[in-house]
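Quick note: residue numbers are just sequence positions, from 1.
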Amino acid sequence: MQYITENSFIHIRIASLADSTCMWNWRNDATTRFYSFNSQFISWQTHSQWYAKALRDPDRIIYVGLSDTGGKIGMCRFDLAPDHRVAEISINLNPAFRGRRLSSPMVAASIRQFRTVSNAALIATIKNDNLASLRCFARSGFELETTGADFSTFRLGQPGNKDRKSTRLN
């Protein structure tokens, strides 16, 4: 599926086994590790086993964002709860595409694609010092739900559901 951003197109597609090496490299990038809840280096074997299982999991959907020139911008993952009413969303950008203001459009495009298969409310848990992700999810319509010492949780309700009251992050 293709989405237009201000200056370019973002294509969204389901991740495949061929994306495994890219995702492993992105996950082990120093900046990614710094902002991850698990900051440890992930071995190729551990990643390969996890990734193959993740692709088979019907409650996990991984999208890859592509630029109009075909470069992989990053990934957006949705982990559905057992009741399928809520999904945890997480992103990881290809380090080569950081700083180009593509994270919010990629998240928005991934959410639009996800909405073709699920109307689950979305939750994002972000480290408080990860300002880029905090801004990305705020620009994508997520609202602050809870704040802890180290991380905050944001929510994007189900389409058409306006019964939640939250504080909007600016």
Is the shortest heavy-atom distance from the side chain of Asp79 to the side chain of Asp59 under 4.5 Å? no
Does one side chain, of Ser43 or Thr46, offer a donor that lies under 3.5 Å from an acceptor on the other? yes
Please evaluate residues Arg100 and Ile73 with respect to the criterion side-chain contact (heavy atoms from CB on, under 4.5 Å), reporting the C-alpha separation (whole Å), side-chain torsions for both, the decisive distance (0.1 Å), and the verdict. CA-CA 10 Å; Arg100 297 186 191 184; Ile73 297 169; over 6 Å; no
Could you check whether any side-chain heavy atom of Cys136 comes within less than 4.5 Å of a side-chain heavy atom of Val107, counting everything from C-beta outward? yes
Which distance, rounded to the nearest 0.5 Å, do you find between the CD1 of Ile10 and the CD of Gln113? 13.0 Å
At their closest point, which heavy atom of Thr153 faces which heavy atom of Ile123, and how far apart are they? CG2-CG2, 3.4 Å
Using a strict threshold of under 4.0 Å (side-chain N to carboxylate O), is an ion pair present between Arg27 and Asp29? no
Which pair of non-hydrogen atoms, one from Arg60 and one from Ala54, has the smallest distance, and what is that distance? CD-CB, 3.5 Å
Ignoring hydrogens, what is the shortest heavy-atom contact between Arg139 and Ser104? Give both atom names and the distance. NE-OG, 3.1 Å
Heavy-atom side-chain contact between Ile126 and Phe151 under 4.5 Å: no
Arg33 atom CZ, over 12 foreign heavy atoms within 6.0 Å: yes
Under 3.5 Å donor-acceptor, Asn128 side chain and Ser152 backbone: yes
Identify the heavy atoms of Leu66 and Lys72 that sit nearest to each other, and give their distance. CD2-CG, 3.6 Å
Contact summary for Tyr63 and Ser110, nearest pair of heavy atoms: CE1-O, 3.8 Å
Heavy-atom check, side chain of Phe142 versus side chain of Ile89, under 4.5 Å: yes
Check whether Leu144 and Leu156 end up in the same hydrophobic cluster, where Ile, Leu, Val, Met, Phe, Trp and Tyr are linked by side-chain heavy atoms less than 4.5 Å apart. yes
Are Phe154 and Phe137 close enough, and set up right, to give a ring-ring contact (aromatic ring centres under 6.0 Å, His included), and what steps lead you there? CA-CA 8 Å; Phe154 295 82; Phe137 282 94; 7.5 Å; no
Counting C-beta onward and ignoring hydrogens, is there a side-chain heavy-atom pair between Tyr35 and Ser133 closer than 4.5 Å? no
Between Arg155 and Glu143, is the closest basic N to carboxylate O distance under 4.0 Å? no
Just by distance, do the side chain of Arg85 and the backbone of Ala81 share a donor-acceptor pair under 3.5 Å? no
Is it the case that over 12 heavy atoms from other parts of the model lie below 6.0 angstrom from the CG atom of Asp150? no
Mind running side-chain contact (heavy atoms from CB on, under 4.5 Å) on Leu93 and Leu102 for me, showing each step along the way? CA-CA 9 Å; Leu93 286 186; Leu102 292 172; 5.7 Å; no
Looking at side-chain heavy atoms only, is the closest gap between Ser103 and Phe97 below 4.5 Å? no
Heavy-atom nearest pair, Ala87 first then Phe114, reads CB-CZ, 3.9 Å
Please determine which of Trp50, Trp44, Tyr51 meets the side-chain hydrogen bond (donor to acceptor under 3.5 Å, both in side chains) test together with Ser48. Trp44
Sub-4.5 Å side-chain heavy-atom contact between Val86 and Leu122: no
Residue among Val64, Asn94, Asn92 satisfying side chain to side chain contact (heavy atoms under 4.5 Å, CB included) with Met23: Val64
Say whether, by atom type as modelled, one donor and one acceptor occur between the side chain of Glu88 and the main chain of Leu80 under 3.5 angstrom. no
Tell me whether Leu17 is reachable from Trp24 by hopping between hydrophobic residues (I, L, V, M, F, W, Y) whose side-chain heavy atoms are closer than 4.5 Å. no
List the steps, then state whether side-chain contact (heavy atoms from CB on, under 4.5 Å) holds for Arg135 with Leu131. CA-CA 6 Å; Arg135 284 191 299 267; Leu131 299 180; 3.6 Å; yes
Indicate yes or no: at least one non-hydrogen side-chain atom of Ile14 is less than 4.5 angstrom from one of Ile62. no
Can you list the steps and then say if Ser20 with His47 is a side-chain hydrogen bond (donor to acceptor under 3.5 Å, both in side chains)? CA-CA 8 Å; Ser20 185; His47 167 78; 3.1 Å; yes
So does Ala15 get a backbone contact from the side chain of Asp19, meaning a donor-acceptor N/O pair under 3.5 Å? no
Given 3.5 Å as the limit, does a donor-acceptor pair link the side chain of Trp26 with the main chain of Thr32, or not? no
